[in-house]
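Each remark here refers to the structure printed beneath this line.
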There are 2 protein chains.
Amino acid sequence: MSSGPGAKLKDVAALAGVSVGTVSNVLNRPEQVSVDKKSRVLAAIDQLGFVRNESARSLRSGSTRSLGMLVLDVRNPFFTDVALGAENVAEDHKHSLILANSAEDTGRELAYLDLFEQQRVQGVLITPFGQVLERLETMRARGIPSVLVDRLARTDQFCSVSVDDVAGGATALTHLLSVGSVRPAFVGGPFTLQQVEDRYRGAADAAEAAGVSLQLFETPDLKFERGRQIGDLIGNLQPDKRPDAVFAANDQLALGLLQSFAANGLRVPEDIAIVGFDDIDFASQSSIPLSSISQPRHLIGERAAQLLFDEIDDENGHVHSQVVFTPELVARQSTRRHTPAITQHG
Amino acid sequence: MSSGPGAKLKDVAALAGVSVGTVSNVLNRPEQVSVDKKSRVLAAIDQLGFVRNESARSLRSGSTRSLGMLVLDVRNPFFTDVALGAENVAEDHKHSLILANSAEDTGRELAYLDLFEQQRVQGVLITPFGQVLERLETMRARGIPSVLVDRLARTDQFCSVSVDDVAGGATALTHLLSVGSVRPAFVGGPFTLQQVEDRYRGAADAAEAAGVSLQLFETPDLKFERGRQIGDLIGNLQPDKRPDAVFAANDQLALGLLQSFAANGLRVPEDIAIVGFDDIDFASQSSIPLSSISQPRHLIGERAAQLLFDEIDDENGHVHSQVVFTPELVARQSTRRHTPAITQHG
DNA sequence: CCTTTGTAATGAATCGATTCATTTGTGAAC
DNA sequence: GTTCACAAATGAATCGATTCATTACAAAGG
């Protein structure tokens, strides 16, 4: 198990007194090797500290045991959770997952796709940022299939795993109404983001169905700071013109609103209720625990990886499918119904 | 730029009417190739959609352009930030970074080290969990050096990049005293974690130097839930026996405390001040922004990668060094001095 | 005109494991 | 005793790029 650097298959074979083919068989088809030779080989491997050279293995065998995964932001726990789900499945298939970060940068996105191709990964999980579908098609033509994650494939050329943002938006707004809101508002943007668009549409439709109008605060991004800014704006409105509940397009914005309201002396949920989207860890860890719409992150990663292996293993018979999960409400204190009889202190 | 799968160097050479050696030169030493042949080769590459096979490249050249990085928890933004810093440096060296997650599991840790060895990465950045130093030594003997991240190397056999937790602890406690605390407490554990031990020691020493006693609430882990639990415990103490300020060993704990205090009607910082450690994003995004001790995460990753390349590039002349950063206080509302004259509302 | 020098280009050998057609060995069946 | 079937083991060919010793050619110098 110790010894000098660079022992190779040949050395192991020599020490064990067998052929290189046999050593390779011990590694790859142990059931075809007699017990005594197998143990001699294993002993030799141990003694020499032999580590198989993966480059050589995959060059000859034509298959790397790895998948590539390209996400928009590794710092975002949503994506790391999805990645962990995918990694679980990859592990079951004895593959490893190479995680890369496009950081919402077209150049980086293409560079990593190049890298994945050079590494000859068996398949790619990707949340696309730029216009890469065509590129992904040519990659598939060259034998590297891909699955879209957190994006609905509009064509039937791809498998995809996503979440029904329209339904999520509807759920959020219905919840606000159910806890007594009569002047709800939506905070989020830009509407060029499909997910923002969908979440808003779901909420707007639900409001209309209930005969309530939905106020709109459009933002250029979904960041915390922006939430604080909009929160200050809302806090300065006359109490009778101020929304009594807010649906924020994601939790970052919602946390920004929450901080601003706390600073401006607005009570949550008594003066104004808040529901976010994503249910990141910190939603539940906020001083006033934040209600949110939760996506099955781990499951998204798992399903995506399963679909990918499905295509890898059955190149021809595979039919693409679109998996759409319905997100669920997690109600917490930020939308607790305010019962006037019992004034809450906490 | 498109076309069928699997074009190889040989095909490119044939199409361009040159030898394979020349094509390889275009890829690796373009300055040694005449302009016209170079352009013909590039045209052929484009036409065939040739993508170089990285396995073959690294098998022959004996060098993979990649580093391995093994962290305790990819979900923790601290580690992703460190990884991004390391990735920047790797990129400058035209290397890619393979990020893996030991998830504080000895088995996974060893499995990934195996994987890195098989992949023949050029070097490893690691925050060790189990007893792997010996293993890392044999890896180095086989040509794969490593640098310890967020851990001080006790031997001079390794480079390491870490943070002075003792100093950080002292800073935290001194700060609490400076904003008027007379009954400070420390929350954290287990003390088998070096970092907890160090942070406590720093704080305890600072307290002693100031002639103040430091109350200790020891915890079996550093998670949010635990913080809430301890928070409830503290909240139930008699006001005159209750600490007037808490230093939490990390921000997760601190956020748990914060939530508990809010729920129990304790005002922060008026009734009790809180300072955390790590300065994660959500420290500043909490309803009551949390003071914290900030570590230069990005810089830690950069320095670690630089040290690693230093050893990779200069195998022999390299001398190991220990880089220790001093963390800095970021004071926010959770430790704002309470001036009795002006009662704060926000 | 011959030699020298230097730049471009060539292509066979090579990296280390896997594969597979072939050989060896063993026991059963006739 | 010969044949057959089957399992175990062999080792040469192979994957696709890189490397490097060698060749080709042109320009410069004498």
Side-chain angles (χ1 to χ4, degrees), chain A residues 4-42 44-45 48-66 94 114-115 117-120 122 142-143, chain B residues 4-42 44-45 48-66 94 114-115 117-120 122 142-143:
Chain A
K8 17 181 148 172
L9 210 53
K10 200 170 53 172
D11 304 324
V12 175
L15 180 59
V18 300
S19 71
V20 292
T22 299
V23 178
S24 177
N25 283 336
V26 170
L27 261 37
N28 302 302
R29 317 173 177 68
E31 73 285 357
Q32 293 189 14
V33 181
S34 67
V35 195
D36 65 325
K37 294 220 165 174
K38 185 155 47 188
S39 65
R40 267 159 58 198
V41 168
L42 291 175
I45 286 177
L48 293 174
F50 166 79
V51 178
R52 89 126 93 30
N53 184 321
E54 177 64 19
S55 295
R57 208 215 100 252
S58 56
L59 171 59
R60 176 61 237 241
S61 74
S63 123
T64 61
R65 304 195 152 293
S66 61
K94 299 187 180 309
D114 283 350
L115 190 68
E117 264 197 291
Q118 290 174 197
Q119 313 234 85
R120 299 292 193 273
Q122 300 297 104
R142 290 180 195 150
Chain B
K8 17 182 149 171
L9 209 55
K10 199 170 52 171
D11 305 324
V12 174
L15 179 59
V18 301
S19 71
V20 292
T22 299
V23 179
S24 178
N25 282 337
V26 170
L27 262 36
N28 301 302
R29 316 174 176 67
E31 73 286 358
Q32 292 189 15
V33 181
S34 66
V35 194
D36 65 328
K37 295 220 166 177
K38 185 155 48 188
S39 65
R40 268 157 59 197
V41 167
L42 291 174
I45 287 177
L48 293 174
F50 167 79
V51 178
R52 90 126 89 35
N53 184 320
E54 176 65 19
S55 295
R57 208 216 99 249
S58 56
L59 171 58
R60 178 60 240 242
S61 74
S63 123
T64 62
R65 306 193 152 295
S66 61
K94 298 187 182 308
D114 283 350
L115 190 68
E117 263 196 291
Q118 291 176 196
Q119 313 235 84
R120 300 289 194 274
Q122 301 296 106
R142 292 182 194 147

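Just so it is clear, the structure is predicted and the values come from calculations on it, not from any experiment. Proteins get letters first, then strands, A, B, ... in listed order; numbering begins at 1 in each.
Between the C1' atom of C:dA9 and the CG atom of B:Asn28 lies a distance of 15 Å, rounded to the nearest Å. Separating the CD atom of B:Glu31 from the C1' atom of C:dA8 is a distance of 12 Å, rounded to the nearest angstrom. Counting to the nearest Å, the P atom of C:dA13 and the CZ atom of B:Arg60 are 13 Å from each other. In this entry the distance linking CD of A:Gln32 with P of C:dC20 reads 12 Å, nearest Å. At whole-Å resolution of the value, CZ in B:Arg65 and C1' in D:dA17 are 14 Å apart. Rounded to an integer number of Å, the gap from NZ of A:Lys10 to C1' of C:dC15 is 10 Å. Remark: P of D:dG16 and CG of B:Leu48 are 14 Å apart, rounded to the nearest angstrom. Atoms CD (B:Gln119) and P (C:dG16) sit 17 Å apart, rounded to a whole Å.
Within the 4.0 Å cut-off from OP1 or OP2 of D:dA17, not a single side-chain nitrogen or oxygen of B:Asn53 is found. The phosphate of D:dT18 (OP1 or OP2) has no side-chain N or O of B:Arg29 nearer than 4.0 angstrom. Side-chain N/O atoms of A:Ser55 include none lying less than 4.0 angstrom from OP1 or OP2 on C:dG16.
Taking CZ from B:Arg40 and OG from B:Ser34, the interatomic distance works out to 8.0 Å, rounded to the nearest 0.5 Å. The CD1 atom of B:Ile45 sits 5.0 Å away from the CG atom of B:Leu27 when rounded to the nearest 0.5 Å.
Closest contact between the side chain of A:Arg57 and the listed nucleotides D:dA17, C:dA17, C:dA12 involves C:dA17. Relative to the side chain of A:Ser61, the nucleotides C:dT18, D:dT10, C:dG16 differ in distance, and C:dT18 lies closest. Across C:dT18, D:dT10, C:dA12, the shortest atom-to-atom separation from the side chain of A:Thr22 is found for D:dT10. Considering only the side chain of B:Ser24, D:dT18 comes nearest among D:dA17, D:dT18, C:dT10.
The side-chain heavy atoms of A:Ser63 and A:Arg57, taken from C-beta on, include a pair separated by under 4.5 Å. Side-chain contact between A:Arg52 and A:Asn28 is present, with at least one heavy-atom pair separated by less than 4.5 Å. Under the 4.5 Å side-chain criterion, counting only non-hydrogen atoms from C-beta, A:Asn53 is not in contact with A:Lys8.
Heavy-atom nearest nucleotides on DNA chain C were determined for B:Asn25 and for A:Arg52, and the one closer to the 5' end corresponds to B:Asn25. Residues B:Arg120 and B:Lys37 both approach DNA chain C. Their nearest nucleotides, taken by heavy-atom distance, put B:Lys37 toward the 5′ side.
Within the 4.0 angstrom heavy-atom criterion, no nucleotide atom of any strand lies near A:Val23. Residue B:Gly62 is out of contact with every strand shown, counting any heavy-atom pair closer than 4.0 Å.
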